[in-house]
Every structure is written in C-alpha cells, then in structure tokens.
Amino acid sequence: MAIAPRLRRLPTTLALGFEVAVAVGPRARLLGLAQLDRDAAGTGLLIPRCASVHTFGMRFALDLYFLGADGEPVEIRREIGARRVISSRGARAVLEIPSRQGGEFSSRRP
C-alpha cells in the first residue's frame with residue numbers, strides 16, 4: 001500500500017534515524033496518523049512544538065518519542081493504543097512511529 005496522500009504532501013526530515021513527514025499546519029497536527037492503515041502511515045510523523053498527543057481514530061499502536069529542545073528523547077512510550085491522551089512535560093516535539101509490536105485495531109468500537 002502506498003503512503004497516504006495527506007502525508008506525501010508534507011515536508012520530510014530525519015528524526016532519530018527515521019525519515020518522517022513533518023506535521024506543518026493545523027490539519028496535519030490534529031489528524032496525525034489517525035484513520036490510516038499501518039502501511040499508509042509510512043515511517044511516521046514528527047509533530048513540532050508539541051508535548052501532548054491523542055490516539056483517537058488510530059487503527060494501529062504507536063511508539064511515541066517525546067523530544068526535547070535538542071531533538072533527543074526525553075521520554076519514550078511504546079505500544080500506545082487507541083483512544084488515549086499522552087503527554088510529557090518538557091517535550092518540544094513528538095515523533096509518532098507505527099509500533100511494530102502492537103496489533104491492528106478495528107476501526108469500529110467494540
């Protein structure tokens with residue numbers, strides 16, 4: 001499956017060894033990787049100027065890397081499921097990476 005069109009339009013950067021899209025603009029920041037299949041999410045998404053994310057609408061688990069001002073991780077949260085709000089005090093950006101350990105979620109609520 002190809003990377004989602006909404007991610008292909010975004011600029012990319014290298015973060016922690018991953019080439020990822022950068023969420024520039026309110027829509028990209030709000031949606032993140034929500035409503036995408038794992039393959040359409042590509043390698044992930046960097047959300048600058050961010051210390052908190054939600055996982056509403058996620059179809060797969062995420063590994064979240066909260067980055068400090070120097071771009072190094074200040075906190076790592078793995079296999080975060082859907083319908084969560086996660087934050088890290090002191091973070092300046094969040095790198096969302098599809099978790100390779102987490103399973104797929106149904107797009108419907110149980």
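Side-chain atoms are counted along with the backbone in the values below, which use heavy atoms only and exclude waters and symmetry mates.
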**Q** What's the shortest heavy-atom distance between Gly17 and Leu14, and which atoms?
**A** C-CD1, 3.9 Å
**Q** Can you name the nearest heavy-atom pair linking Arg78 to Tyr65, along with the distance?
**A**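 Heavy atoms of Arg78 and Tyr65 come nearest at NH1-OH, 3.0 Å.
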**Q** Identify the two heavy atoms, one from Val85 and one from Ser52, that lie closest to each other, and give their separation to 0.1 Å.
**A** CG1-OG, 3.9 Å
**Q** Please lay out, stage by stage, how Arg77 and Phe66 fare under the test side chain to side chain contact (heavy atoms under 4.5 Å, CB included).
**A** CA-CA 8 Å; Arg77 303 281 303 272; Phe66 291 91; 4.0 Å; yes
**Q** Could you tell me whether the side chain of Thr12 and the main chain of Ala21 form a donor-acceptor pair under 3.5 Å?
**A**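 Checking the backbone N and O of Ala21 against the side chain of Thr12, no donor-acceptor pair under 3.5 Å is found.
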**Q** Quick check: closest heavy atoms across Leu30 and His54, and the distance to 0.1 Å?
**A** O-NE2, 3.1 Å
**Q** Please check if Leu62 and Val22 belong to a single hydrophobic cluster, counting links between Ile, Leu, Val, Met, Phe, Trp and Tyr side chain heavy atoms closer than 4.5 Å.
**A** yes
**Q** Closest heavy-atom contact between Ala41 and Leu36?
**A** CA-CD1, 4.2 Å
**Q** Could you state whether Val24 and Leu45 fall into the same hydrophobic cluster, counting links through intermediate Ile, Leu, Val, Met, Phe, Trp or Tyr residues with side-chain heavy atoms under 4.5 angstrom apart?
**A** yes
**Q** Quick check against the 3.5 Å criterion: does Asp63 have a side-chain atom that pairs as donor or acceptor with the backbone of Ser99?
**A**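 No; zero donor-acceptor contacts below 3.5 Å.
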**Q** Could you tell me whether Arg6 atom CZ has more than 12 heavy atoms of other residues or ligands within 6.0 Å of it?
**A** yes
**Q** For Arg29, is the CZ atom crowded, meaning more than 12 foreign heavy atoms sit under 6.0 Å from it?
**A**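 Result for CZ/Arg29: enclosed.
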**Q** Determine the minimum heavy-atom distance between Pro48 and Ala93, stating which atoms define it.
**A**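 Scanning both residues completely, I find the closest heavy atoms to be CA-CB, 3.9 Å.
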**Q** Between Ile76 and Leu16, is there a shared hydrophobic cluster once you connect ILVMFWY residues whose side-chain heavy atoms come closer than 4.5 Å?
**A** yes
**Q** Should Ile3 and Ile47 be counted in the same cluster of Ile, Leu, Val, Met, Phe, Trp and Tyr side chains packed under 4.5 Å apart?
**A**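 Same cluster.
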**Q** Contact between Leu67 and Leu46 at the side-chain level, heavy atoms closer than 4.5 Å - yes or no?
**A**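 Leu67 reaches Leu46 side chain to side chain.
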**Q** I need the Phe56 CZ to Leu31 CG distance, nearest 0.5 Å.
**A**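 Rounded to the nearest 0.5 Å, the CZ-CG separation comes out at 14.0 Å.
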**Q** According to a 4.5 Å side-chain heavy-atom criterion applied to Ile, Leu, Val, Met, Phe, Trp and Tyr, with indirect links allowed, do Ile80 and Val74 form part of one hydrophobic cluster?
**A** yes
**Q** Measure from the side-chain N and O atoms of Asp70 to the backbone N and O of Glu72, and report whether any donor-acceptor pair falls under 3.5 Å.
**A**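 Present.
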**Q** Does Arg9 reach the main-chain N or O of Leu7 with its side chain, forming a donor-acceptor pair under 3.5 Å?
**A** no
**Q** Step by step, work out the side chain to side chain contact (heavy atoms under 4.5 Å, CB included) result for Thr55 and Ile86.
**A** CA-CA 8 Å; Thr55 61; Ile86 300 92; 4.2 Å; yes
**Q** Side chain to side chain contact (heavy atoms under 4.5 Å, CB included) for Met58 and Leu33? Distances and angles first, verdict last.
**A** CA-CA 7 Å; Met58 289 303 303; Leu33 299 176; 4.0 Å; yes
**Q** Below 4.5 Å, heavy atoms only, C-beta onward: do Ile97 and Val20 meet side chain to side chain?
**A** yes
**Q** Might you work through the side chain to side chain contact (heavy atoms under 4.5 Å, CB included) test for Arg59 and Gln35, ending with a clear yes or no?
**A** CA-CA 6 Å; Arg59 295 181 179 171; Gln35 300 302 320; 3.3 Å; yes
